[in-house]
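No hydrogens, no waters, no symmetry mates; every other heavy atom, side chains included, goes into these values. The model shown is predicted, which means the values in this text are computed figures rather than measured ones. Both counts, for ligands and for their atoms, begin at 1 and track the order of listing. Numbers here simply count residues along the sequence, with the first being 1.
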Amino acid sequence: MARRPLVAGNWKMNGLKASAAELTKIVAGASSLPNADFLICPPATLVAQFAALAKGSRVAIGGQDCRAEPSGAFTGDIAAEMLKDAGASAVIVGHSERRRYHGETDAAVRAKAQAARRAGLLAVVCVGESRAERDAGQALAAVGKQLDGSLPDGETDCVVAYEPVWAIGTGVTPTQDDVIAMHGFIRERLVARGVASGQGVRILYGGSVKPANARELLTAANVDGALIGGASLKADDFLAIAAVYR
Ligand code: PGA
């Protein structure tokens, strides 16, 4: 099944209003890369501004997290509906930094993914094993458990991002063979757990994707794009990675 690649940028806690200049460059560059979809997830403070700027372009704007409830007394949190209202069309849920610094469980991530669907946002559901889990030969088992717990039942319209925790922000990446093994495993799991269009769900790789390693990582079987942190902050690097899909 042909899946359109998705090149997504996760800006994390980086970016001020002036960063719109980078988005403008990304929007311009994306227009000459018709074979991929694009998503930039800036901090929440920039979602409305970026959505307005990218309107009508090939670049969608997303949030980095949402709360499961649609509204209420949850100081500091943001509902999926609020992201949608601000112009977002997607949201990352279950990023390893949220799991680690905010104690998010698989059940919490699943509730967030359900909230995304309720609000009409595409959920980018993140999974990935720790270094200790990989060293213990438990990488597939750990990711399988996260997938089962984090994806809503019957979810068909979401994106899965495989991000080995030890590869995020470290400059270290798995081998292509390890990526192929993990993405193949995730694909089988999506199909086996009854996700109707498991073959159509895009599985992104994330963790230290750079222009220099993009081809090796992103052309592996069952890799349908990238979730890019550090290198997405510079339009030139982000577009150089996306050029793999030229
Ligand atoms: P990185 O981050 O590209 O800086 O490793 C990836 C991510 O956390 O999504």
Item to check | R131, CZ atom: more than 12 neighbouring heavy atoms under 6.0 Å | outcome: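 Yes, because the 6.0 Å sphere around CZ of R131 holds more than 12 heavy atoms from other groups.
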
So, 4.0 Å and heavy atoms of [X]: is ligand 1 close enough to count as a contact?
X    : result
A231 : no
S208 : yes
H95  : yes

Next on the checklist: Taking side chain to side chain donor-acceptor pair (under 3.5 Å) as the criterion, tell me which of R202, R4, R3 meets it with D224.
Outcome noted: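 Considering R202, R4, R3, a side chain to side chain donor-acceptor pair (under 3.5 Å) with D224 is found only for R3.
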
Next on the checklist: Do R67 and F74 form a cation-pi contact, if we require the NZ or CZ to be under 6.0 Å from the six-membered ring centre and within 45 degrees of the ring's axis?
Outcome noted: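 Yes, cation above the ring, under 6.0 Å and within 45°.
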
Counting each atom of ligand 1 from 1 as listed, which ones have a heavy atom of [X] under 4.0 Å away?
X    : result
G207 : 5 (O)
G230 : 1 (P), 3 (O), 4 (O)
N10  : 9 (O)

Checklist entry - Honestly curious: do L204 and V143 fall in one hydrophobic cluster under the side-chain, below-4.5 Å linking rule? => result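 No.
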
Checklist entry - Side chain of E133, backbone of S130: donor and acceptor closer than 3.5 Å? => result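 Flag set: sc E133 to bb S130 pair under 3.5 Å.
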
Checklist entry - Out of C126, G229, S96, whose heavy atom is nearest to atom 1 (P) of ligand 1? => result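 Checking each option, the heavy atom nearest atom 1 (P) of ligand 1 is found in G229.
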
Checklist entry - What do you reckon, does E163 have a nitrogen or oxygen under 3.5 Å from a nitrogen or oxygen of ligand 1? => result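 N/O-N/O distance under 3.5 Å: yes.
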
Checklist entry - Would you say T170 and ligand 1 have an N/O pair spaced under 3.5 Å apart? => result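 Looking only at distances, the answer is no, because the N/O contact criterion of under 3.5 Å is not met.
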
Next on the checklist: For I168, which part has a heavy atom under 4.0 Å from ligand 1: side chain, backbone, both, or neither?
Outcome noted: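 The answer is both.
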
Next on the checklist: Less than 4.5 Å apart, side chain to side chain, heavy atoms only: is that true for H95 and N10?
Outcome noted: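 Sidechains of N10 and H95: in contact.
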
Checklist entry - Would you call the rings of Y205 and H183 parallel, tilted or perpendicular, where under 30° means parallel and over 60° means perpendicular? => result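 The arrangement is tilted - the two ring planes meet at 30° to 60°.
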
